[in-house]
Amino acid sequence: MILLTLIKKEIIQFFRNKTDVITMLIFPVILIFVMGKSLNGLMSMDKNIFSGKTIYYNIENDGGKNNNVQVFYDFITEFQKTSDIKFVQSNDIEKATQLVNKNEAICFINIDGDDIDYFRNENEESTESKVFRNLYEQYMKKYTFIHYIAKTDSTKVSKILSSKNNTEIKLEGIGYDEVNSFTYYTFVELTLIILYISTITSISMYKEKFLHTMTRLRVSNIKKINIIISKIALGIIIGLMQILIVYICSTKLFDVDWGENTTYILLVLISFIIFSSVLGIFMYMVFDDQKTAYTFSNMLIIVMGFLGGSYVPLCLVKSARITSFLCQLMPNYWVNISLLGLNYNIDTPYYKMVIVISLGASVLMIILGNIILKLKEGGSVD
């Protein structure tokens, strides 16, 4: 009963702040529309992006245990089915690299047995080169995976090969002929705005401190865990309202199909809402000053949003080595991957992993936060 009273108090306080209501519930739809509309060409990656472009390659040695030459020829065959691009064989390495540096060619690929050298513009790599390099690397990874499976369990190879083989712009098996900008940004912007729930729960905790509500509640023998649960409940309620509004608007206005795995999508989102809610509480536990916590939270959300693919498509985020590595450290990156995978019925274990990561990280933050509070002078929550 006490917990329900606390949750009711949180909900009333949230709806009293019209700015928070608009930001949390209305802004996501506007954000999806703006990003989906403005980046439609970039997200769909029109096949004309490679129109008239040239890729030079050279085969120095057909040998090698990895069969790289045959795999490369297979890649050329598949890629040219969906794009207007020229592959030109040339043994004049110096001339080919000069053309790449002048942006007159996308890249130069040299295959010498088991060794593959990919030469790109030394000064500024073009978008076409980044996209193509990402596709080629994914294709080679898929071949390596199939080659490994053939050695360990050959019975699974036929199942893998029978699946749709996308050499288009893709991420974790999702092709650009399948993903449109509104579908993509419906999910990635939803996760971005869910991250901002952390600012709501954080501010709510600081308000309790400034109003000395914590002291009054503790005098009333209300356990601290009830206060924390009420803040998490507030985040869940806000998050569920966000999901409902985005679902209705995206399906009715943007013709986004959420697929057949709506239940799993909802579970992934709820676990991430809990993570975001606890993140805000954790910020309160770590920082004594509200402005410092607010500034750090916003900087963290911006970084996570970028690496998670909320500002530019994930294929471009992963085109650079450093961001490709860093994005895999972000929880929202895996959330977005799992949501897109579930939306397109791709059989991956990502969604299970994401739920475990989100809930596990939430528990860890609460434990660490309480330890930090106890280490502070006075050890008081208030």
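Quick note: numbers below take in every heavy atom, side chains included, and nothing from hydrogens, waters or symmetry partners.
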Would you say the side-chain atoms of T97 pair up with the backbone N or O of E94, donor to acceptor, closer than 3.5 Å? yes
Assess whether side chain to side chain contact (heavy atoms under 4.5 Å, CB included) is satisfied between N343 and N261, documenting all intermediate values. CA-CA 7 Å; N343 180 249; N261 297 311; over 6 Å; no
If you look at every heavy atom in Y206 and A293, which pair is closest and at what distance? OH-CB, 3.4 Å
Can you get from I322 to V317 by hopping between Ile, Leu, Val, Met, Phe, Trp and Tyr side chains that sit under 4.5 Å apart? yes
Using a 3.5 Å distance criterion without hydrogens, assess whether the side chain of Y333 forms a donor-acceptor pair with backbone atoms of G305. no
Plane angle bin for Y264 and Y351 - parallel if under 30°, tilted between 30 and 60°, otherwise perpendicular: tilted
Joint cluster assignment, I203 & F275, ILVMFWY side-chain distance < 4.5 Å: no
Smallest separation among heavy atoms of I200 and M24, with atom names: CG1-SD, 4.0 Å
F272 side chain near L195 side chain, heavy-atom distance below 4.5 Å: yes
Applying side chain to side chain contact (heavy atoms under 4.5 Å, CB included), run through N110 and I59 and close with a yes or a no. CA-CA 6 Å; N110 188 68; I59 309 296; over 6 Å; no
Criterion side chain to side chain contact (heavy atoms under 4.5 Å, CB included) on S90 and K95, from CA distance to verdict: CA-CA 9 Å; S90 173; K95 179 181 179 181; 5.8 Å; no
Kindly indicate whether the side chain of V29, heavy atoms from C-beta on, has any atom under 4.5 Å from the side chain of I245. yes
Are there over 12 heavy-atom neighbours, none belonging to Y247, within less than 6.0 Å of that residue's OH? no
Could you go through the side chain to side chain contact (heavy atoms under 4.5 Å, CB included) check for I111 and Y57 one step at a time? CA-CA 8 Å; I111 301 177; Y57 69 94; over 6 Å; no
For L269 and L339, the nearest pair of non-hydrogen atoms, with its separation, is CD2-CD1, 3.7 Å
With a 3.5 Å cut-off and no angle check, do the side chains of S250 and W258 form a donor-acceptor pair? yes
So which heavy atom on T54 is nearest to which on Y56, and how close? CG2-CE1, 3.7 Å
May I have the step-by-step check of side chain to side chain donor-acceptor pair (under 3.5 Å) for Q13 and S204, ending in yes or no? CA-CA 9 Å; Q13 288 182 349; S204 179; 4.8 Å; no
Do L329 and V188 sit in one hydrophobic cluster, given that two such residues count as connected whenever their side-chain heavy atoms are within less than 4.5 Å of each other, even indirectly? yes
Which value, rounded to the nearest 0.5 Å, describes the distance between S297 atom OG and M283 atom CE? 4.5 Å
Atom pair CD1 (I227) and CD1 (I281), whose distance is rounded to the nearest 0.5 Å: 10.5 Å
Ignoring hydrogens and geometry, is there a side-chain-to-backbone donor-acceptor pair from S358 to V354 under 3.5 Å? yes
Is there a path of hydrophobic side-chain contacts, each under 4.5 Å between heavy atoms of I/L/V/M/F/W/Y residues, joining I273 to F15? yes
Report yes if some heavy atom in the side chain of F325 is under 4.5 Å from a heavy atom in the side chain of T323; otherwise report no. no
Would you check if there is a donor-acceptor pair between the side chains of T191 and N336 at a distance under 3.5 Å? yes
Does the side chain of N121 come under 3.5 Å of the side chain of N103 through a donor N or O and an acceptor N or O? yes
Side chain proximity check, I237 to I7, heavy atoms < 4.5 angstrom: yes
Parallel, tilted or perpendicular: which one describes the rings of F79 and F132, with boundaries at 30° and 60°? perpendicular
If you define the side chain from C-beta out and look only at heavy atoms, does anything of V363 sit under 4.5 Å from L359? no
Compute the centroid of each ring, for F296 and then for F287, and state whether the two points are separated by less than 6.0 Å. yes
Would you say the side-chain atoms of N91 and N58 include a donor-acceptor pair closer than 3.5 Å? no
How long is the gap from OG on S230 to NZ on K9, to the nearest 0.5 Å? 6.0 Å
Taking the side chain as every heavy atom from C-beta outward, state whether N332 and M304 have any atom pair closer than 4.5 Å. yes
Do the side chains of L368 and I228 join up, straight or via other hydrophobic residues, at under 4.5 Å, putting them in one cluster? yes
Atom of L192, atom of L31 and distance for their closest heavy-atom approach: CD2-CD2, 4.1 Å
Approximate separation, where rounding is to 0.5 Å, of R120 CZ and I109 CD1: 12.5 Å
Report yes if some heavy atom in the side chain of I238 is under 4.5 Å from a heavy atom in the side chain of D20; otherwise report no. no
Are any of the side-chain heavy atoms of E60 and D115 separated by less than 4.5 Å? no
Between Q328 and S324, is there a donor-acceptor pair closer than 3.5 Å when you use the side chain of the first and the backbone of the second? yes
Check step by step if ring-ring contact (aromatic ring centres under 6.0 Å, His included) holds for F182 and F254. CA-CA 7 Å; F182 283 114; F254 308 139; 5.0 Å; yes
Hey, are T201 and K231 close enough side-chain-wise for a donor-acceptor pair under 3.5 Å? no
How about CD on E260, more than 12 heavy atoms from neighbouring residues, nucleotides or ligands closer than 6.0 Å, or not? no
At their closest point, which heavy atom of P28 faces which heavy atom of T23, and how far apart are they? CD-O, 3.6 Å
dist M241:CE -> I11:CD1 (nearest 0.5 Å) comes out at 7.5 Å
Hey, what do you get for CD1 (I55) to CD1 (I106), rounding to the nearest 0.5 Å? 4.5 Å
For F87 and F72, take the angle between the two ring planes, folded into 0 to 90°, and tell me which bin it lands in: parallel under 30, tilted 30 to 60, perpendicular over 60. perpendicular
Got a donor-acceptor contact below 3.5 angstrom from the T292 side chain to the D288 backbone? no
